Amino acid sequence: MQTSTLIQASADVVRIVSLKTGDVYKRLNDRTNYGTAVEPTLRFGVVTDVLNNGTDAAITAIEFDATYNDAKPEVKVFRTGTDVALFAAKPDEVIAHLDQVTASARRAVEEANKELGKKRAVLELAQRAFDQRAELTAAQTAPAITASA
């Protein structure tokens, strides 16, 4: 079975012919794990700049993984001659995804702030004990009692 034939036969073919700042796209990110290929991930991208000096051209973009639980933006630069497969995306699709990424990032910040509050409380307790070090005394002890037979 040839999966490429199956996929091409059932997919709508759309060709991106130009990109400008603000355009959105999808891209397959071929990943490796210690040199071993693993399943590619889908990334959403927003073009942030198109550079052209008459000889060379480059596109800069910010990309996000298509997962909602971990917001990891990455700035990408694609130069002339870079072999990259971009797929058309609808702005509504990317906006909905970025809304989810933003919500996930907010939740992560709230959780981190809770943890930070706990650590600050521990620091405050330790600091109070340290500030009272001049008043600290050794516990009063008595000689050990030994049992005799």
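Computed from a prediction, not measured in an experiment: that's the story for all the values here.
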Colleague: Tell me, with the steps shown, if Arg107 and Glu110 meet salt bridge (charged side-chain N to carboxylate O under 4.0 Å, His left out).
Modeller: CA-CA 5 Å; Arg107 284 191 301 274; Glu110 288 169 5; over 6 Å; no
Colleague: Using the rule that Ile, Leu, Val, Met, Phe, Trp and Tyr join whenever any side-chain heavy atoms are under 4.5 Å apart, tell me whether Val24 and Leu28 fall into a single cluster.
Modeller: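 Yes, same cluster.
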Colleague: Do Val84 and Leu19 share a hydrophobic cluster, counting only Ile, Leu, Val, Met, Phe, Trp and Tyr and linking them when any side-chain heavy atoms are less than 4.5 Å apart?
Modeller: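 Same cluster: Val84 reaches Leu19 through Ile, Leu, Val, Met, Phe, Trp or Tyr contacts under 4.5 Å.
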Colleague: Applying side-chain hydrogen bond (donor to acceptor under 3.5 Å, both in side chains) as the test, list every pair that has at least one member in residues 45-64; sequence neighbours left out.
Modeller: Tyr25-Glu63, Arg27-Glu63, Arg43-Glu63, Thr48-Thr60
Colleague: Is the closest side-chain heavy-atom distance between Leu98 and Phe44 below 4.5 Å?
Modeller: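 No - every pair of side-chain heavy atoms lies 4.5 Å or more apart.
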Colleague: Under the 3.5 angstrom rule, does the side chain of Ser104 hit a backbone N or O of Gln100 as a donor-acceptor pair?
Modeller: no
Colleague: Hey, what do you get for CG (Asn113) to CD (Glu115), rounding to the nearest 0.5 Å?
Modeller: 10.5 Å
Colleague: Could you tell me whether the side chain of Arg106 reaches within less than 4.5 Å of the side chain of Thr102, counting heavy atoms only?
Modeller: yes
Colleague: Apply salt bridge (charged side-chain N to carboxylate O under 4.0 Å, His left out) to Asp131 and Arg128, showing your working.
Modeller: CA-CA 5 Å; Asp131 289 344; Arg128 269 193 260 149; over 6 Å; no
Colleague: Any heavy-atom pair between the side chains of Ile59 and Val77 that's under 4.5 Å?
Modeller: no
